[in-house]
Asker: 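Pasting a structure below so you can have a look.
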Amino acid sequence: MLDISNIQSHIQTFLKEIGELSYFTARFFKESFKKPFEFKEFLQQCYNMGNRSLILVAITGFIIGSVLTLQTRPTLMEFGAVSWMPSMVGISIIREIGPMITALVCAGRIGSGIGAELGSMRVTEQIDAMEVSGTNPFKYLVVTRVMATTFMIPLLVIIGDAIGLYGSYLVENLKGDVSFRLFFNQVFESLEFGDIIPATIKSFFFGLAIGLVGCFKGYYCDKGTAGVGRAANSAVVFTSLLLFIIDFIAVFAADIFYDL
């Protein structure tokens with residue numbers, strides 16, 4: 001039999017976290033417009049997140065483009081539609097696969113790192129020490145990291161998309177002797193603003209979600225080393241769920257907007 005009290009407890013905990021995250025988000029927007037602006041720390045976080053995630057995003061993008069082409073090409077050949085391969089891969093990667101996979105990779109790489117870093121600072125009382133010394137830890141630690149993820153995730157998505165398309169081109173070149181110019185001409189001819197703009201906009205929201213959840217879990221980490229591990233793990237799980245919800249809302253909204 002189902003334990004009703006246990007289910008109710010989980011629901012209450014989930015709703016409580018939603019409320020706390022909403023308050024945390026409102027505080028972020030409030031603190032973002034207050035001086036002083038920690039521009040140096042913001043640039044440092046942008047460098048750390050972009051530099052450390054670039055290789056992983058590049059490899060993932062290349063594999064996605066290559067595998068998508070290898071798996072789809074035999075089916076298109078059966079229907080005599082292999083010439084549509086560049087268009088199909090381009091639309092698939094730019095519109096959905098590239099932003100979503102890159103965001104999930106960054107959620108695991110960046111989100112868990114932020115949660116573990118801020119969690120260890122909370123456990124070792126470094127955040128409390130900053131508050132005592134008169135420094136605003138929320139401004140210095142949270143605002144800079146969330147803004148960095150918001151700006152860096154779209155850049156990583158663009159890089160991942162480009163490398164994914166290049167991986168697809170290499171497979172097409174080896175299998176069908178398609179030239180670089182012909183492949184990318186077909187890709188760009190098939191793309192419209194309705195494919196590019198929604199994907200770009202939602203990648204900013206992906207970055208915002210990754211930064212907010214990672215900082216939230218780390219900033220309010222439980223005491224002890226076990227709490228740091230839970231903060232990093234829950235940051236990845238919660239962010240991944242939130243990314244799928246954002247993606248669904250973005251696709252649904254874009255479909256309504258472009259049908260008007």
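Owing to the predicted nature of the structure, the values given are computational and were not obtained by experimental measurement.
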Asker: Measuring from Met88:CE to Ile93:CD1, what's the distance to the nearest 0.5 Å?
Answerer: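 Going from the CE atom of Met88 to the CD1 atom of Ile93 covers 8.0 Å.
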
Asker: When you look at Phe28 and Val143, which way does the side-chain contact (heavy atoms from CB on, under 4.5 Å) test go after all the steps?
Answerer: CA-CA 6 Å; Phe28 160 74; Val143 173; 4.0 Å; yes

Asker: Listed by chain and number, what are the side chain to side chain contact (heavy atoms under 4.5 Å, CB included) partners of Lys175, not counting sequence neighbours?
Answerer: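 Side chain to side chain contact (heavy atoms under 4.5 Å, CB included) check on Lys175 returns Leu70, Arg73, Val171.
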
Asker: Out of curiosity, Met152 CE to Ile210 CD1, how far, rounded to the nearest 0.5 Å?
Answerer: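 Answer rounded to 0.5 Å: 12.0 Å.
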
Asker: To the closest 0.5 Å, what do you measure between OG1 (Thr25) and CD (Glu20)?
Answerer: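 Answer for the OG1-CD pair, Thr25 versus Glu20, is 11.5 Å.
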
Asker: Is Leu56 reachable from Ile59 through a run of hydrophobic residues whose side-chain heavy atoms are each under 4.5 Å from the next?
Answerer: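 In one cluster with Ile59: Leu56, no.
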
Asker: More than 12 heavy atoms of other residues, nucleotides or ligands under 6.0 Å from OH of Tyr166: is that the case?
Answerer: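 Open: at most 12 neighbouring heavy atoms sit under 6.0 Å from OH of Tyr166.
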
Asker: If you count heavy atoms of other groups shown closer than 6.0 angstrom to CD1 of Ile245, is the number above 12?
Answerer: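 Counting neighbours around CD1 of Ile245, more than 12 heavy atoms of other residues, nucleotides or ligands fall under 6.0 Å, so yes.
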
Asker: State whether the number of non-hydrogen atoms from other residues, nucleotides or ligands found under 6.0 Å of Phe37 atom CZ is greater than 12.
Answerer: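 Correct, the count exceeds 12.
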
Asker: If every non-hydrogen atom of Pro137 is compared with every non-hydrogen atom of Glu131, which pair is closest and at what distance?
Answerer: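 Closest heavy-atom pair between Pro137 and Glu131: CG-CG, 3.4 Å.
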
Asker: Evaluate whether atom CZ of Phe205 has more than 12 neighbouring non-hydrogen atoms of other residues, nucleotides or ligands under 6.0 angstrom away.
Answerer: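 No, not enclosed.
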
Asker: Going hydrophobic residue to hydrophobic residue with side-chain gaps under 4.5 angstrom, can you get from Leu155 over to Met49?
Answerer: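 Not linked; separate clusters.
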
Asker: Verify, without hydrogens or angle tests, whether Ser53 (side chain) and Gly50 (backbone) share a donor-acceptor contact under 3.5 angstrom.
Answerer: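 Absent.
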
Asker: Establish whether Phe188 and Val157 are linked, either directly or via other cluster members, by ILVMFWY side-chain heavy-atom contacts under 4.5 Å.
Answerer: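 Hydrophobic grouping puts Phe188 with Val157.
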
Asker: Parallel, tilted or perpendicular: which one describes the rings of Phe184 and Tyr169, with boundaries at 30° and 60°?
Answerer: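 Tilted.
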
Asker: Would you say CZ of Arg27 has more than 12 non-hydrogen atoms from neighbouring residues, nucleotides or ligands within 6.0 angstrom?
Answerer: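 More than 12 within 6.0 Å, yes.
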
Asker: Between Arg230 and Asn233, is a side-chain contact (heavy atoms from CB on, under 4.5 Å) present by the stated rule, with each step listed?
Answerer: CA-CA 5 Å; Arg230 284 194 297 269; Asn233 181 64; 5.8 Å; no

Asker: Between Asn185 and Glu189, is any side-chain donor less than 3.5 angstrom from a side-chain acceptor?
Answerer: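 Note: Asn185 and Glu189 side chains miss the donor-acceptor criterion.
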
Asker: Which atom names give the shortest non-hydrogen contact between Val89 and Ser168, and what distance separates them?
Answerer: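 Shortest heavy-atom contact: CG1-OG, 3.4 Å.
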
Asker: Does Leu212 belong to the same Ile/Leu/Val/Met/Phe/Trp/Tyr cluster as Ile201, with side-chain heavy atoms less than 4.5 Å apart forming each link?
Answerer: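 Yes.
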
Asker: Side chains of Thr144 and Tyr140, heavy atoms from C-beta outward: is any pair under 4.5 Å?
Answerer: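 Side chain of Thr144 against side chain of Tyr140, heavy atoms only: no contact under 4.5 Å found.
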
Asker: Given the rule in the side-chain contact (heavy atoms from CB on, under 4.5 Å) test, do Thr150 and Phe206 qualify, once you have shown the distances and angles that lead to the verdict?
Answerer: CA-CA 7 Å; Thr150 304; Phe206 287 163; over 6 Å; no

Asker: Could you check if a side-chain atom of Leu68 sits within less than 4.5 angstrom of a side-chain atom of Ile97, using non-hydrogen atoms only?
Answerer: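 SC-SC contact between Leu68 and Ile97 confirmed.
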
Asker: For the pair Ser234 (side chain) and Ala231 (backbone), establish whether a donor and an acceptor sit closer than 3.5 Å, ignoring hydrogens and angles.
Answerer: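 The answer is yes, because a donor-acceptor pair under 3.5 Å joins these two groups.
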
Asker: Would you mind listing the cluster partners of Val237? Hydrophobic ones only (ILVMFWY), side-chain contacts under 4.5 Å, chaining allowed.
Answerer: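 Joined to Val237, directly or through intermediates: none.
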
Asker: Atom CD1 of Ile158 and atom CD1 of Ile94: how far apart are they, to the nearest 0.5 Å?
Answerer: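 Interatomic distance, Ile158 CD1 to Ile94 CD1, rounded to 0.5 Å: 9.0 Å.
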
Asker: Linking I/L/V/M/F/W/Y whenever their side-chain heavy atoms sit closer than 4.5 Å, directly or via other members, would Met85 and Leu165 fall into one cluster?
Answerer: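 Linked within one cluster.
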
Asker: Quick check: do Lys217 and Glu17 have side-chain heavy atoms less than 4.5 Å from each other?
Answerer: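 Of all side-chain heavy-atom pairs linking Glu17 with Lys217, at least one is under 4.5 Å.
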
Asker: Taking all heavy atoms of Val57 and all of Leu156, pick out the closest pair and write down the distance.
Answerer: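 For Val57 and Leu156, the tightest heavy-atom pair comes out as CG1-O, 3.5 Å.
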
Asker: First locate atom CD1 of Ile196, then atom CD1 of Ile91, and finally report the distance between them rounded to the nearest 0.5 Å.
Answerer: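 Spacing of CD1 (Ile196) from CD1 (Ile91) equals 10.5 Å.
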
Asker: When you compare the side chain of Thr149 with that of Leu208, does any pair of heavy atoms fall below 4.5 Å?
Answerer: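 Side-chain contact under 4.5 Å: no.
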
Asker: Measure the CG-OG1 distance between Leu76 and Thr69 for me, rounded to the nearest 0.5 Å.
Answerer: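 Going from CG on Leu76 over to OG1 on Thr69, the span is 10.0 Å.
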
Asker: Give me each pair satisfying ring-ring contact (aromatic ring centres under 6.0 Å, His included) with a member in residues 210-247, each pair once, sequence neighbours excluded.
Answerer: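 Only Phe24-Phe216, Phe24-Tyr220, Phe138-Tyr219, Phe216-Tyr220 qualify under ring-ring contact (aromatic ring centres under 6.0 Å, His included).
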
Asker: Would you tabulate the side-chain donor-acceptor contacts of residues 103-119 under 3.5 Å, counting partners in other chains and residues two or more places apart, or write 'none'?
Answerer:
from   : atom 1 : to     : atom 2 : distance (Å)
Ser112 : OG     : Gly108 : O      : 2.4
Glu117 : OE2    : Arg145 : NH2    : 2.9

Asker: Once side chain to side chain donor-acceptor pair (under 3.5 Å) is applied, do any residues pair with Asp128, and if so which ones, sequence neighbours excluded?
Answerer: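 Testing Asp128 for side chain to side chain donor-acceptor pair (under 3.5 Å), a comparison that skips the adjacent residues, returns Arg122.
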
Asker: With a 3.5 Å distance limit and no angle check, can you tell me whether Ser133 reaches the backbone of Met130 through a side-chain donor-acceptor pair?
Answerer: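 Yes.
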
Asker: Test: side chain to side chain donor-acceptor pair (under 3.5 Å). Region: residues 82-108. Which pairs qualify, not counting sequence neighbours?
Answerer: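 Every side chain to side chain donor-acceptor pair (under 3.5 Å) pair that includes a residue of residues 82-108, provided the two are not neighbours, is Arg95-Asp195, Glu96-Lys202.
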
